[in-house]
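Report on the following structure.
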Amino acid sequence: MIKKILIANRGEIAVRIIRACREMNIRAAVVFSDVDRTAMHVRMADEAYALGGNTAAESYLRQDKILEIAGRARVDAIHPGYGFLSENPSFAEEVERAEIIFIGPPAAAIRALGDKTAARKVADRLQIPTVPGTNNPIERETDVFALADTIGYPLLLKAAAGGGGKGMRVVKAKDELSNALRIARSEAKSAFGDERIYVEKFIERPRHVEIQILADRSGNTVYLGERECSIQRRHQKVMEESPSPVVDAQLRKVMGEAATRLVRSVGYTNAGTVEFLIDAHGKFYFLEVNTRLQVEHPVTETVTGIDLVKEQIRIADGIPLSFSQSGIVANGHAIECRICAEDPENSFFPSTGRLARYVVPQGPRVRTDNGFAEGDAITMFYDPLMAKVITWGSSRIEAIEAMRRALSEFLIHGVKSTIPFCQFVLNDEDFRKGIFDTRYVDEHFDFRKLRPNKPQEEIAAALAAVLLNRKVRVQAERQDANHNGVHSRWRRMKLDSYQ
């Protein structure tokens with residue numbers, strides 16, 4: 001049985017996995033970069049190991065360091081979370097070679113579906129509709145121009161090796177193509193260590209809808225309904241919900257069966273998400289597979305009552321699913337808002353600083369998955385996601401109203417956040433009626449309608465930030481942060497004999 005897990009991630013997802021481990025009586029070890037040495041996931045873990053460095057390339061993407069730590073910590077399994085190494089087949093192989101359980105799909109399945117071009121080939125073979133485009137990465141710029149002339153503009157450049165909007169560019173005209181290709185390749189290389197790009201037709205006004213799947217090692221594969229993910233900025237999701245306002249029971253069944261057929265064909269196990277686009281006529285197209293846990297997994301957990309992280313661990317441990325497709329029943333409606341350190345008034349530009357005031361919402365029908373605490377610093381080195389707020393209601397409107405109340409209670413001073421943007425969306429009549437698509441932010445959002453911060457709030461936040469900077473710096477200097485490269489809450493309590 002899995003008794004100890006190394007979480008190769010940071011922030012709210014590391015905290016989320018730690019909490020699942022606590023409830024399953026599994027010890028949780030984490031890794032941390034220099035800038036994260038006092039982070040929330042480090043403070044919560046049973047053990048924490050220094051990676052060194054600040055950037056992702058220096059720390060959370062260092063396979064060699066993570067595997068060395070896994071051996072030193074004598075863990076049974078590694079959970080990669082999302083992002084970083086979660087969809088890297090070479091890392092999954094190295095973990096398996098070290099005789100450690102990888103909490104995710106087999107390396108071969110990641111290669112078959114995690115790479116977008118490879119996944120398109122599988123979908124085509126199974127006759128699942130795909131967006132017109134290439135099934136292989138395009139390396140020469142002249143070939144990209146030739147394909148663009150064939151499928152027409154607008155088109156979409158996408159990184160073959162990852163998601164999250166990184167390495168993605170919409171090209172509306174021929175004179176934009178060279179520059180967009182250069183930027184897309186640079187972003188893909190930086191985010192995933194792989195600059196390969198593929199091209200597909202850009203579908204106008206689609207809905208972005210995804211299907212959550214689980215597959216165990218006994219051959220059981222199920223889908224857990226869909227998530228609506230069309231509220232996006234720069235091709236990155238900001239708000240998600242389940243069920244989708246445009247998916248009925250018949251479409252859900254067809255898409256769910258297509259998703260399970262796709263993953264089953266490559267011997268996929270563990271959790272995954274199959275993403276689709278739905279056009280204005282209700283026709284769906286396969287988009288890609290995320291061979292990992294999604295940021296937005298809590299909305300599915302909220303409506304189904306199934307803990308996806310615990311299921312991931314059980315599946316990795318060889319335990320069959322305890323439920324079948326007929327046993328999965330959605331109850332009510334859930335909405336998630338991603339709370340990112342970004343400035344909605346400045347094109348969602350990342351905001352950095354120290355959290356001078358940070359109070360997360362609570363109360364009935366509210367869940368907050370959080371990775372930070374008051375006094376923590378938000379840096380430029382990683383994704384700006386701070387927390388996710390999830391609300392439930394017996395109806396969609398009830399879930400929206402619960403979210404409006406929750407966000408009004410969320411206090412953040414020291415950095416800008418996406419809360420005002422989320423409040424704007426929740427109050428918008430078209431959104432409340434379910435009338436929106438992936439162009440919503442470009443066509444509806446008006447930063448001039450955001451509630452301005454009161455001057456006294458800004459002054460109080462600035463004063464608090466000065467005091468907190470001084471306090472945290474002194475605490476960090478006093479903390480023994482290098483006890484053989486290991487942090488431990490037990491050692492911080494002077495229980496050095498605890499092993």
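If you read the sequence from its start, that first residue is 1, and numbering goes on from there. These numbers were taken from a predicted model, which means no experiment stands behind them.
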For this session: For Lys121, look at atom NZ and say whether over 12 heavy atoms of other residues, nucleotides or ligands are found less than 6.0 Å away.
Result: yes

| query | Is the CD atom of Glu443 crowded by more than 12 outside heavy atoms at less than 6.0 Å? | reply | yes

Is there a side chain to side chain contact (heavy atoms under 4.5 Å, CB included) between Met239 and Met403 once you walk through the steps? CA-CA 11 Å; Met239 297 172 64; Met403 184 63 75; 5.8 Å; no

Scanning both residues in full, the closest heavy-atom pair of Ser59 with Asn54 reads OG-O, 4.0 Å

- prompt: When you look at Ile339 and Leu407, which way does the side chain to side chain contact (heavy atoms under 4.5 Å, CB included) test go after all the steps?
  reply: CA-CA 10 Å; Ile339 311 303; Leu407 293 186; 4.0 Å; yes

Look only at the side chain of Trp392 and the backbone of Arg367, and say whether a donor-acceptor pair between them is shorter than 3.5 Å. no

Under 3.5 Å, sequence neighbours excluded: what are the donor-acceptor pairs made by side chains of residues 185-197?
{"unit_1": "Arg185", "atom_1": "NH2", "unit_2": "Ile138", "atom_2": "O", "d": "3.3"}
{"unit_1": "Arg185", "atom_1": "NH2", "unit_2": "Glu139", "atom_2": "O", "d": "2.4"}
{"unit_1": "Glu187", "atom_1": "OE1", "unit_2": "Gly167", "atom_2": "N", "d": "3.0"}
{"unit_1": "Glu187", "atom_1": "OE2", "unit_2": "Arg169", "atom_2": "NH2", "d": "2.8"}
{"unit_1": "Asp194", "atom_1": "OD1", "unit_2": "Arg196", "atom_2": "N", "d": "3.0"}
{"unit_1": "Asp194", "atom_1": "OD1", "unit_2": "Arg196", "atom_2": "NE", "d": "3.1"}
{"unit_1": "Asp194", "atom_1": "OD2", "unit_2": "Arg196", "atom_2": "NE", "d": "3.1"}
{"unit_1": "Asp194", "atom_1": "OD2", "unit_2": "Arg196", "atom_2": "NH2", "d": "3.0"}
{"unit_1": "Arg196", "atom_1": "NH1", "unit_2": "Asp115", "atom_2": "OD2", "d": "3.3"}
{"unit_1": "Arg196", "atom_1": "NH2", "unit_2": "Asp115", "atom_2": "OD2", "d": "2.5"}

CG (Leu157) and CG (Leu181) are apart, to the nearest 0.5 Å, by 6.0 Å

Test side chain to side chain donor-acceptor pair (under 3.5 Å) on Glu141 and Ser178; report intermediate values, then the result. CA-CA 7 Å; Glu141 185 173 317; Ser178 289; 2.6 Å; yes

Side chain to side chain donor-acceptor pair (under 3.5 Å) assessment of Glu228 paired with Ser230: CA-CA 6 Å; Glu228 170 71 64; Ser230 298; 2.3 Å; yes

Taking every heavy atom of Pro154 against every heavy atom of Glu204, the minimum-distance pair comes out as CG-OE2, 3.4 Å

- Message: Assess whether a salt bridge exists between Glu257 and Lys253, defined as any Lys/Arg side-chain N lying under 4.0 Å from an Asp/Glu carboxylate O.
- Response: yes

Residues passing the salt bridge (charged side-chain N to carboxylate O under 4.0 Å, His left out) test with Asp383, sequence neighbours excluded, are none

Contacts satisfying salt bridge (Lys or Arg N to Asp or Glu O under 4.0 Å) that involve residues 96-109 (not counting sequence neighbours) are Glu94-Arg97

Check: Taking NZ, NE, NH1 and NH2 as the nitrogens, is one of them in Arg207 or Glu226 under 4.0 Å from a carboxylate oxygen of the other?
Finding: no

Residues passing the side chain to side chain donor-acceptor pair (under 3.5 Å) test with Arg405, sequence neighbours excluded, are Glu409

In short, Val266 meets Ala112 closest at the heavy-atom pair CG1-CB, 3.7 Å

Check: Under 3.5 Å, is there a donor-acceptor pair between the side chain of Asn270 and the main chain of Gln312?
Finding: yes

Taken to the nearest 0.5 Å, the spacing of Thr291 OG1 from Leu113 CG works out to 7.5 Å

Sequence neighbours excluded, the answer for salt bridge (charged side-chain N to carboxylate O under 4.0 Å, His left out) partners of Asp442 is Arg439

*With distance as the sole test, does Arg10 use its side chain to make a donor-acceptor pair with the main-chain N or O of Asp36 at under 3.5 Å?*
no

Query raised in the report: Does Arg120 reach the main-chain N or O of Thr134 with its side chain, forming a donor-acceptor pair under 3.5 Å?
Result: yes

- Query: Counting distance only, does the side-chain N/O of Asn88 pair as donor-acceptor with the main-chain N or O of Ser90 below 3.5 Å?
  - Reply: yes

Sorted by chain and number, sequence neighbours left out, side chain to side chain contact (heavy atoms under 4.5 Å, CB included) with Ser322 holds for none

Legend entry - Short side-chain donor-acceptor distance under 3.5 Å, Asp428 and His444: no

Residue set satisfying side chain to side chain contact (heavy atoms under 4.5 Å, CB included) with Thr352, at least two apart, ordered chain then number -> Met380

Between Thr418 and Cys340, the two heavy atoms sitting closest are OG1-N, 2.9 Å

Discussion item. Has His41 got a side-chain atom pairing as donor or acceptor with Val31's backbone, closer than 3.5 angstrom?
Written reply: yes

Closest non-hydrogen atoms of Pro80 and Ser86, given as atom of the first, atom of the second and distance, are CB-CA, 3.6 Å

* Kindly indicate, with the supporting measurements, whether the criterion side chain to side chain donor-acceptor pair (under 3.5 Å) is fulfilled by Thr130 and Asp124. => CA-CA 7 Å; Thr130 59; Asp124 284 342; 2.9 Å; yes

Legend entry - Asn220/Ser324 under side chain to side chain contact (heavy atoms under 4.5 Å, CB included): CA gap, chis, key distance, verdict: CA-CA 8 Å; Asn220 304 307; Ser324 62; over 6 Å; no

field: Under 3.5 Å: donor-acceptor pair, side chain of Arg16, backbone of Gly81
entry: no

So salt bridge (Lys or Arg N to Asp or Glu O under 4.0 Å) across residues 313-340, not counting sequence neighbours, yields Glu240-Arg338, Glu296-Arg338, Glu311-Arg314

Those residues at least two apart in sequence (or on a different chain) that pass salt bridge (charged side-chain N to carboxylate O under 4.0 Å, His left out) with Arg432 are Glu401

Report task. May I ask you to decide if Glu288's main-chain N or O and Glu275's side chain share a donor-acceptor pair within less than 3.5 Å? Result -> no

Residue set satisfying salt bridge (charged side-chain N to carboxylate O under 4.0 Å, His left out) with Asp446, at least two apart, ordered chain then number -> Arg448

### Message
Run Asn290 and Tyr82 through side chain to side chain donor-acceptor pair (under 3.5 Å) and show every step you take.
### Response
CA-CA 9 Å; Asn290 293 125; Tyr82 55 72; over 6 Å; no

Under the 3.5 angstrom rule, does the side chain of Glu241 hit a backbone N or O of His333 as a donor-acceptor pair? no

Check whether Ser394 reaches the backbone of Gly332 with its side chain - one donor and one acceptor, N or O, closer than 3.5 Å.
no

Applied to residues 281-326, the ring pair (Phe, Tyr, Trp, His ring centres under 6.0 Å) test, sequence neighbours excluded, yields Phe276-Phe284

For Tyr223, the side chain to side chain donor-acceptor pair (under 3.5 Å) test, sequence neighbours excluded, returns none

Report task. Can you label the angle between the Tyr60 ring and the Phe84 ring as parallel, tilted or perpendicular, going by 30° and 60°? Result -> parallel

All heavy atoms of Pro106 vs all of Gly267, minimum pair found to be CG-O, 4.0 Å

Q | Whether Phe436 and Tyr440 hold their rings parallel, tilted or perpendicular, with breakpoints at 30° and 60° | A | perpendicular

Kindly determine whether Ile400 and Ile397 satisfy side chain to side chain contact (heavy atoms under 4.5 Å, CB included), including the steps that lead there.
CA-CA 5 Å; Ile400 288 173; Ile397 288 298; 4.2 Å; yes

